[in-house]
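Report on the following structure.
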Amino acid sequence: MSREAEFGRLYEAQRGAVHAYLFGRTADRQLAADLMQEVFLRVWRHLDAVIGMSSDRQRAWIFTVARNLSVDAHRQVLAEVGVAQALVREPARLPRPASTAVLAAERVAIVGEAIRRLPEQQRVTLSMATVGGMTSPEIAAALGIPAGTVRYRLSLARRALADALASYDDPKEER
Amino acid sequence: MSLDDDLASWAADVRLRDAEAAAIFERIVSTPVPEAAPRLDPTWWRGFNAGFTARMIASTRPARRVAA
């Protein structure tokens with residue numbers, strides 16, 4: 001198999017999970033894509049070593065690189081915009097919807113904003129499950145944590161999202 | 001709409017599109033791979049270690065004889 005084909009196989013197998021993980025870490029779709037490119041560029045440069053590893057070690061190697069790059073990116077963002085601005089913003093007050101399509105779009109916007117405000121560990125787990133389409137055991141293996149912890153974080157995240165939607169559906173209801 | 005529907009819609013917005021992934025792939029594989037730095041043959045180190053050890057032993061024997 002050619003070098004490019006070997007890399008392509010690894011890229012296709014891992015790119016979804018890596019992008020979902022990086023989105024969870026950064027809450028920024030484009031930044032996650034840029035970081036994903038950097039992760040796989042390192043895979044490309046060290047392909048001979050990575051190919052020689054077992055699939056578990058390959059995944060661990062890739063996620064270690066992804067974690068380190070996201071930490072560096074986070075530090076850079078803090079340095080650029082200042083700590084105060086990097087903190088979570090208050091969600092915008094949206095006008096009440098006029099149609100079903102608008103209602104659906106606004107609910108998705110509410111969910112997106114609520115996800116951005118989740119604690120990072122919950123956001124990473126939820127992102128890997130929903131964006132990356134990974135199962136709890138797969139997420140657990142990638143993050144090196146027990147599957148029970150993954151399920152717990154998912155349930156906390158879903159509860160927070162349900163509360164955000166309930167507040168939106170009934171603005172009087174403060175949870 | 002259920003929370004699962006909302007999440008699925010949100011995930012579809014966030015997920016990397018195939019075209020974006022393909023563009024990233026092309027950029028990466030068009031990057032030249034740095035040539036591996038020249039390395040010593042592993043047998044060289046075995047020989048070096050064996051020779052070094054033998055010389056250390058040989059060089060300390062006379063000192064032990066003198067001390068005795």
Side-chain angles (χ1 to χ4, degrees), chain A residues 2-5 7-8 11-12 15-16 18-20 22-24 27-30 32-34 36-49 100 103-116 126-127 129-133 157-159 161-166 168-169, chain B:
Chain A
S2 72
R3 180 183 172 82
E4 194 173 317
F7 175 73
Y11 181 77
E12 282 307 314
R15 71 173 169 86
V18 171
H19 181 260
L22 289 168
F23 178 81
D28 183 324
R29 185 180 181 281
Q30 190 53 49
D34 292 344
M36 189 194 87
Q37 176 172 307
E38 189 58 35
V39 170
F40 282 102
L41 189 57
R42 293 190 186 195
V43 173
W44 174 245
R45 286 182 177 146
H46 298 93
L47 191 63
D48 293 338
T100 308
L103 173 70
E106 289 197 349
R107 279 178 64 94
V108 172
I110 295 289
V111 166
E113 183 59 33
I115 289 171
R116 220 176 60 76
L126 185 74
S127 175
T130 55
V131 180
R158 289 179 63 89
R159 197 181 308 157
L161 300 186
D163 286 350
L165 284 172
Y168 171 71
D169 291 337
Chain B
M1 268 181 102
S2 70
L3 177 57
D4 285 331
D5 293 333
D6 295 329
L7 273 173
S9 300
W10 170 81
D13 284 345
V14 168
R15 194 172 292 126
L16 198 67
R17 317 261 183 280
D18 286 347
E20 292 173 292
I24 290 173
F25 179 86
E26 288 304 322
R27 278 199 291 275
I28 292 172
V29 296
S30 62
T31 306
V33 181
E35 280 187 33
R39 293 190 311 173
L40 291 168
D41 189 290
T43 57
W44 186 91
W45 283 105
R46 265 204 298 278
F48 173 81
N49 285 335
F52 182 81
T53 306
R55 279 182 200 185
M56 284 294 290
I57 291 169
S59 66
T60 54
R61 269 182 193 150
R64 255 192 267 134
R65 250 185 260 125
V66 169

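Here is the naming used below: chain letters follow the sequence lines, and residue numbers restart at 1 for every chain. The figures here come from the full heavy-atom set of this structure, side chains too, leaving out hydrogens, waters and symmetry mates. Since the model is a prediction, treat every value here as computed from it, not as a measurement.
Contact of A/Arg3 with chain B is made through the side chain alone, with heavy-atom distances under 4.5 Å. The parts of A/Leu41 that come within reach of chain B are both its backbone and its side chain, each placing non-hydrogen atoms under 4.5 angstrom from that chain. Both the backbone and the side chain of A/Ala33 come within contact range of chain B, judged by heavy atoms closer than 4.5 Å. Neither the backbone nor the side chain of B/Asp5 comes within contact range of chain A; no heavy atom of the residue lies under 4.5 Å from a heavy atom of that chain. Heavy atoms of B/Ser2 lying under 4.5 Å from chain A belong exclusively to its backbone.
Between A/Val108 and B/Ser9 the shortest heavy-atom distance is CG2-CB, 3.5 Å. Smallest separation of non-hydrogen atoms from A/Leu165 and B/Asp6: CD1-OD2, 3.4 Å.
B/Trp44 CH2: more than 12 foreign heavy atoms inside a 6.0 Å radius. Counting heavy-atom neighbours within 6.0 Å of B/Arg55 CZ, excluding the residue itself, gives a total of 12 or less.
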Candidate pair B/Leu7 and A/Leu126, rule side chain to side chain contact (heavy atoms under 4.5 Å, CB included), full reasoning
CA-CA 10 Å; B/Leu7 273 173; A/Leu126 185 74; 4.1 Å; yes
Check against side chain to side chain contact (heavy atoms under 4.5 Å, CB included), A/Arg158 and B/Asp4
CA-CA 9 Å; A/Arg158 289 179 63 89; B/Asp4 285 331; 2.8 Å; yes
Could you give me the CA-CA distance, side-chain angles and deciding distance for A/Arg29 and B/Glu20, then say whether side chain to side chain contact (heavy atoms under 4.5 Å, CB included) is met?
CA-CA 12 Å; A/Arg29 185 180 181 281; B/Glu20 292 173 292; 2.6 Å; yes
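Taking the six-membered ring wherever Trp is involved, the centroid distance between the rings of B/Phe25 and A/Phe7 falls below 6.0 Å.
The choice from A/Met36, A/Arg45, A/Glu12, A/Arg15 that makes the most heavy-atom pairs within less than 4.5 Å of chain B is A/Arg15.
Of the inter-residue distances, the one linking A/Tyr11 atom OH with B/Ile24 atom CD1 reads 4.5 Å to the nearest 0.5 angstrom. To the nearest 0.5 angstrom, B/Thr31 atom OG1 is 7.5 Å from A/Gln37 atom CD. Note that CD1 of B/Ile28 is 9.0 Å distant from CH2 of A/Trp44, once rounded to the nearest 0.5 Å.
Although no hydrogens or angles enter the test, the distance criterion places a donor-acceptor pair under 3.5 Å between the side chain of B/Arg15 and the main chain of A/Thr130.
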